[in-house]
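Heads up: the structure comes next, in structure tokens.
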Amino acid sequence: MSTKTKIAVIGGSGIYEIDGLEGAEWVTVESPWGAPSDQILTGSLNGVEMAFLPRHGRGHIHSPTEVPYRANIDALKRLGVTDVISVSACGSFREEMAPGDFVVVDQFIDRTFAREKSFFGTGCVAHVSAAHPTCPRLSDACETAARDAGINVHRGGTYLAMEGPQFSTLAESKMYREHWGADVIGMTNMPEAKLAREAELCYASVAMVTDYDSWHPDHGEVDVTAIIATLTGNAEKGRALIKGLPALLGTDRAPCPHGCDRALEFAILTAPEKRDPALLAKLDAVAGRIL
Ligand SMILES: CSC[C@H]1O[C@H](OP(=O)(O)O)[C@H](O)[C@@H]1O
Ligand SMILES: Nc1ncnc2[nH]cnc12
């Protein structure tokens, strides 16, 4: 059985809209999990339906801690999105992952602590697997689109998600790099990736390297002005990558070979008669397929 592909791009710092969508329209999506970061830009590209959500809102109003991650993922699910691509800024812990390069991340270390991390809880408990938090099929498409656009792209890497909003201390930067094996660092991909998995959405993350955080002896410590300058210089590359995705993913979508779209199949533990009707109502989009 196939469904129609609908690709969402969640744009990070410096990426507040995308151009070239046919029938482009900003729409308001209401969610029982609160207001999403902003309206969502909908339209199509090469016949494939697209949605774009600026993670921090137009004008960059939400801090990494305050991004309404649950509302964002729920709103995309409500719109019928099948595949979510995060495009975000990151610092690099590896010499070879240089500013201007893109990394198609495949693993995360979640160091965030002040965010709501699940759609589930008292009244409906669920445990999905997060062992492989990104979708290899969607990541393949991101890698190919990046290569086709002439971008220096690295396939695979571990993204350390920190709480922020301050950047890391030098001691933290060295520890993440030397002892924890992290490759890049940012503040937003968690809990976003875990929530996408709970919502049975394929998720891929394209991290655009903007700096060497603070560890590199030959580079000054990270600051926002340098990050935005690098990002602005890269915006054209990011747009080219996004434009290549529809042709690679196609209009018709077979079930995810990695099972992302069936992640909840055996995840809910709460006995049917013990489930909280109020929570079940809020889960209508995220878990409606199995509830
Ligand atoms: C602009 S500096 C730090 C800020 O940028 C990144 O945001 P995003 O992941 O949405 O591109 C990083 O995670 C921080 O939130
Ligand atoms: N060095 C860094 N640390 C955390 N988030 C970032 N976003 C871009 N660069 C970053």
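Keep in mind that what you see is a predicted model, and the values were worked out from it rather than measured. One-based numbering, in listed order, for ligands and for the atoms of each. Note that these values count all heavy atoms, side chains included, but never hydrogens, waters or copies made by symmetry.
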*State, yes or no, whether a side-chain contact exists between E22 and L45 at a heavy-atom distance under 4.5 Å.*
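No - every pair of side-chain heavy atoms lies 4.5 Å or more apart.
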
*Between C90 and ligand 2, which residue portion shows a heavy-atom distance shorter than 4.0 Å: side chain, backbone, both, or neither?*
backbone

Can you pull out the closest protein heavy atom to [atom]? Residue, atom name and distance to 0.1 Å, please.
atom	value
atom 7 (N) of ligand 2	A89 O, 3.7 Å
atom 10 (O) of ligand 1	H56 NE2, 2.6 Å
atom 6 (C) of ligand 2	I185 O, 3.8 Å
atom 3 (C) of ligand 1	F167 CE2, 4.1 Å
atom 5 (N) of ligand 2	G186 CA, 3.5 Å
atom 15 (O) of ligand 1	P64 CG, 3.2 Å
atom 10 (C) of ligand 2	G91 N, 3.5 Å
atom 2 (S) of ligand 1	I227 CD1, 3.6 Å
atom 9 (N) of ligand 2	D211 OD1, 2.7 Å

_For D74 and K282: C-alpha separation, side-chain torsions, deciding distance, then whether salt bridge (Lys or Arg N to Asp or Glu O under 4.0 Å) applies._
CA-CA 10 Å; D74 177 80; K282 286 175 79 173; over 6 Å; no

*Working for side chain to side chain contact (heavy atoms under 4.5 Å, CB included), residues T188 and Y69*: CA-CA 9 Å; T188 61; Y69 296 98; 3.8 Å; yes

Exam field: side chain [X] to backbone [Y], donor-acceptor pair closer than 3.5 Å:
X	Y	answer
E116	R70	no
R55	N72	no
D183	T158	yes

Return a yes/no value for [X]: is any of its N or O atoms, backbone included, closer than 3.5 angstrom to an N or O of ligand 1?
X	answer
M187	yes
V87	no
N189	no

_Closest approach of P133 to Q107 (non-hydrogen atoms, all atoms of both residues)_ = CD-NE2, 3.6 Å

*How are the rings of Y212 and H219 set relative to one another: parallel (under 30°), tilted (30 to 60°) or perpendicular (over 60°)?*
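Ring orientation, 0 to 90° scale: tilted.
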
*Stepwise side chain to side chain contact (heavy atoms under 4.5 Å, CB included) test for V84 and I10*: CA-CA 7 Å; V84 177; I10 301 182; 3.7 Å; yes

*Using a strict cut-off of 4.0 Å, indicate which atoms of ligand 1 neighbour a heavy atom of S88.*
8 (P), 9 (O), 11 (O)

*Any idea which atoms of ligand 1 are less than 4.0 Å away from a heavy-atom of G186?*
13 (O)

*If hydrogens are left out, which of S13, G12, A207 has an atom nearest to atom 7 (O) of ligand 1, that is, the closest non-hydrogen atom?*
S13

*Between V222, V184, D211, T188, flag the one that comes closest to atom 9 (O) of ligand 1 by a heavy atom.*
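Answer by nearest heavy atom: T188.
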
Can you name the atoms of ligand 2, numbered from 1 with element, that are less than 4.0 Å from a heavy atom of [X]?
X	answer
D213	1 (N), 2 (C), 3 (N)
I227	8 (C), 9 (N)
T210	8 (C), 9 (N)
M187	4 (C), 5 (N)

*Report the residue from R137, K4, K77 that forms a salt bridge (Lys or Arg N to Asp or Glu O under 4.0 Å) with D83.*
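Exactly one pass, corresponding to R137.
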
_Those residues that, when tested against Y16, pass ring pair (Phe, Tyr, Trp, His ring centres under 6.0 Å) (two or more places apart)_ = H60

_Can you pull out every ring-ring contact (aromatic ring centres under 6.0 Å, His included) where at least one residue sits in residues 171-201? Sequence neighbours excluded, please._
Y176-W180

*Is it true that R239 and E236 have a side-chain N and a carboxylate O under 4.0 angstrom from each other?*
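Counted as a salt bridge, because a side-chain N and a carboxylate O are separated by less than 4.0 Å.
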
